[in-house]
Amino acid sequence: MLDMKFIREHPEEVKAAVKNKGEKADVALMLDLDEERRRLIQEADELKAERNTVSREIGQARKEGRDAAEAIARMKTVSDTISGLDARLKDVEQRIHDIMIRIPNMPHESVPVGGEAENRVVKTWGDIPEFDFTVEPHWDIGPRLNILDFDRGARLSGSNFVTFRGAGAALERALINLMLDLHCREHGFTEVSVPFIVRRDMMFGTGQLPKLEEDMYHIEADDLFLIPTAEVPVTNLHRDEMLDGDRLPLRYTAYTPCFRREAGSYGSDTRGLMRIHQFDKVEMVKIVRPEDSWDELETLLNSAEKVLQLLELPYRVLMLATGDLSFAAAKCYDIEVWAPGIERWLEVSSCSNFLDFQARRMNLRFKRERGAKPEYVHTLNGSGLALPRTVIAIIEHYQTDEGTIVVPEVLRKYMGVEAIKG
RNA sequence: GGAGAGGUGACCGAGUGGCUUAAGGUGCACGCCUGCUAAGCGUGUGUAGGGUAACACCUACCGAGGGUUCGAAUCCCUCCCUCUCCGCCA
């Protein structure tokens, strides 16, 4: 959520942000309603002040045995007037709220304006490998080595659910351990293990709701949602808190499965492991002082990149244009790993700075010192990394002409083998 | 799932319709006192909104939302959460 004061003072910039992000929200109408709101508050508050004063006098009069019937009758009509004003105020505030929650975060000034085509490659790492044999895509290698089972995944839960088996399952587990160890031991994160099912408010807090309701698995009986990313429970850990400034920054990492209905996605990316309804991910979340968030975004990106560097997989980093930015993000880097079997760059991480947008939605503030004014914190998160697409890259990058997969050096101590031979 | 007890400020905790403008305490800040320390004394110490050039001032907030009343932390209704016991269960 944006600050109403900011919107009042910068209406044209906010309207531009709504447009550039491809959202729909009537900012002008909201500002009109905001003026009406303030008029109603002023009117009602004056009457309430009168009512408070006179009611106190009525109590005093009663105590002294004087008659207060006239004042009581007068205050009854005042109360009725107040009720009417309050009802109008409530309606106006609801309408303001409905627009406000659909206004996206402002893109940072460094973010290119435009759609996907304007995404900017800001870095590449490693060389795209040349093979002297015909490379296979992972959806052929995996089933042949009996480490990926697409058919039985679908049998259990439908299309785009997958089963990992044997060394495939071990590879997933090894990657999770590698990433958690790296982020905890080298990057200063604290590991947390959180619920995978959360309340509606949590989805609102990080900005998935109201926009993405159709993309999530919803448990109707309890009005709970399966998390689409660990961002949701981890960022919300401290919601409604007033943190001491000296506790910041907070840096958390968590492994969780992620559940996505992918309601709006069509055929092209759905083969193999590219877009599945349930996948594993290690996520990093930071809760920081406002002045630190841009530096923290860069180190967050570095922490995610480090995983691919250790795995020795070539990748590139994109700065997303406004049209590709998520609703809550001010700026976002995507990391894409090269998958030689399918000859594609695959997104394995998004590292975003949300500024105070999520903090405002989840009421998460801090005080620099005792007695200081409360301020909203800044929040960030980044995948570190999403597992299935990392597995695709490993399978395809480390395939051999004998049809086996070499286990990346850094994973060998976790897997106990040097190659996957089926 | 059943029964019971609870939810009040940074924290503890009192408060069954109007001297509550949330007592008292702890913590914290400032001041006084003191050779120093400790103790003691005094003053102050929440959030949000409105308002102001800035103050002042006003309104709301005692888990959430409704209701009764001239007036609600207090009475009524609905819901949420926490704890204890029982049942079931990995």
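Each chain gets a letter, A, B and so on, in the order the sequences are listed, and its residues count up from 1.
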Rounded distance in Å between the [atom1] positions of [N] and [M]:
{"N": "B/C86", "M": "B/A10", "atom1": "P", "result": "37 Å"}
{"N": "B/A29", "M": "B/A38", "atom1": "P", "result": "12 Å"}
{"N": "B/G7", "M": "B/G13", "atom1": "P", "result": "10 Å"}
{"N": "B/G25", "M": "B/C36", "atom1": "C1'", "result": "29 Å"}
{"N": "B/C30", "M": "B/A39", "atom1": "P", "result": "16 Å"}
{"N": "B/A23", "M": "B/A73", "atom1": "C1'", "result": "13 Å"}
{"N": "B/A72", "M": "B/G17", "atom1": "C1'", "result": "7 Å"}
{"N": "B/G9", "M": "B/A22", "atom1": "P", "result": "14 Å"}

Rounded to whole angstroms, how far apart are [atom1] on [X] and [atom2] on [N]?
{"X": "A/Leu243", "N": "B/G46", "atom1": "CG", "atom2": "P", "answer": "19 Å"}
{"X": "A/Asp80", "N": "B/U69", "atom1": "CG", "atom2": "C1'", "answer": "12 Å"}
{"X": "A/Leu85", "N": "B/C58", "atom1": "CG", "atom2": "P", "answer": "20 Å"}
{"X": "A/Gln60", "N": "B/U21", "atom1": "CD", "atom2": "P", "answer": "12 Å"}
{"X": "A/Arg37", "N": "B/G49", "atom1": "CZ", "atom2": "P", "answer": "8 Å"}
{"X": "A/Glu375", "N": "B/U47", "atom1": "CD", "atom2": "P", "answer": "12 Å"}

*Pick from A/Ser352, A/Ser350, A/Pro107: which one makes a side chain to side chain contact (heavy atoms under 4.5 Å, CB included) with A/Leu325?*
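When A/Ser352, A/Ser350, A/Pro107 are each tested with A/Leu325, the side chain to side chain contact (heavy atoms under 4.5 Å, CB included) holds only for A/Pro107.
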
*The side chain of A/Arg51 lies closest to which of these nucleotides: B/A48, B/U59, B/G71?*
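Of B/A48, B/U59, B/G71, B/G71 is nearest to the side chain of A/Arg51.
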
_Selection from B/C58, B/C70, B/G50 that lies nearest to any side-chain heavy atom of A/Ala49_ =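 When the side chain of A/Ala49 is considered, B/C58 is the closest of B/C58, B/C70, B/G50.
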
Using OP1 and OP2 only, check whether a side-chain N or O of [X] sits under 4.0 Å from [N].
{"X": "A/Lys48", "N": "B/G49", "value": "no"}
{"X": "A/Arg365", "N": "B/A10", "value": "no"}
{"X": "A/Ser79", "N": "B/U69", "value": "no"}
{"X": "A/Asn363", "N": "B/A48", "value": "no"}
{"X": "A/Asn52", "N": "B/C58", "value": "no"}

Residues in salt bridge (charged side-chain N to carboxylate O under 4.0 Å, His left out) contact with [X], at least two apart in sequence or another chain:
{"X": "A/Asp181", "result": "A/Arg185"}
{"X": "A/Arg39", "result": "none"}
{"X": "A/Glu409", "result": "A/Arg412"}

*When A/Lys286 is tested against each of A/Thr253, A/Asn353, A/Thr299 for side chain to side chain donor-acceptor pair (under 3.5 Å), which residue passes?*
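Output: one option passes, namely A/Thr299.
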
*Under 4.5 Å between any side-chain heavy atoms of A/Tyr376 and A/Leu355, yes or no?*
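A/Tyr376 does not reach A/Leu355 side chain to side chain.
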
*How is A/Ile58 classified with respect to the nucleic acid when contacts are heavy atoms under 4.0 Å: base, sugar-phosphate, or nothing?*
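Answer is base: heavy atoms of A/Ile58 come under 4.0 Å of a base.
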
*Starting at the 5' end of RNA chain B, which residue's closest nucleotide do you reach first, A/Lys90 or A/Gln42?*
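Result of the comparison: A/Gln42.
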
*Comparing A/Glu57 and A/Glu50 on RNA chain B - which has the more 5′ nearest nucleotide*: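 Going by which nucleotide is closer to the 5' end, it is A/Glu57.
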
*For residues 161-172 of chain A, which residue pairs qualify under side-chain hydrogen bond (donor to acceptor under 3.5 Å, both in side chains), counting only residues two or more places apart or in two chains?*
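Qualifying pairs, neighbours excluded: A/Asn146-A/Arg165.
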
*For RNA chain B, just give me the dot-bracket, please: Watson-Crick or G-U, both distances below 3.5 Å, ( ) intra-strand, [ ] crossing earlier pairs, | paired with another strand, . unpaired.*
((((((((.[[[..)..(.....]]]((((((.......))))))(((((......))))).[[[[[..)....]]]]])))))))....

*With sequence neighbours left out, write down each residue that passes side chain to side chain contact (heavy atoms under 4.5 Å, CB included) with A/Arg289, or none if nothing qualifies.*
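If we apply the side chain to side chain contact (heavy atoms under 4.5 Å, CB included) test to A/Arg289, skipping adjacent residues, the hits are A/Leu248, A/Glu291, A/Asp292, A/Phe366, A/Arg368.
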
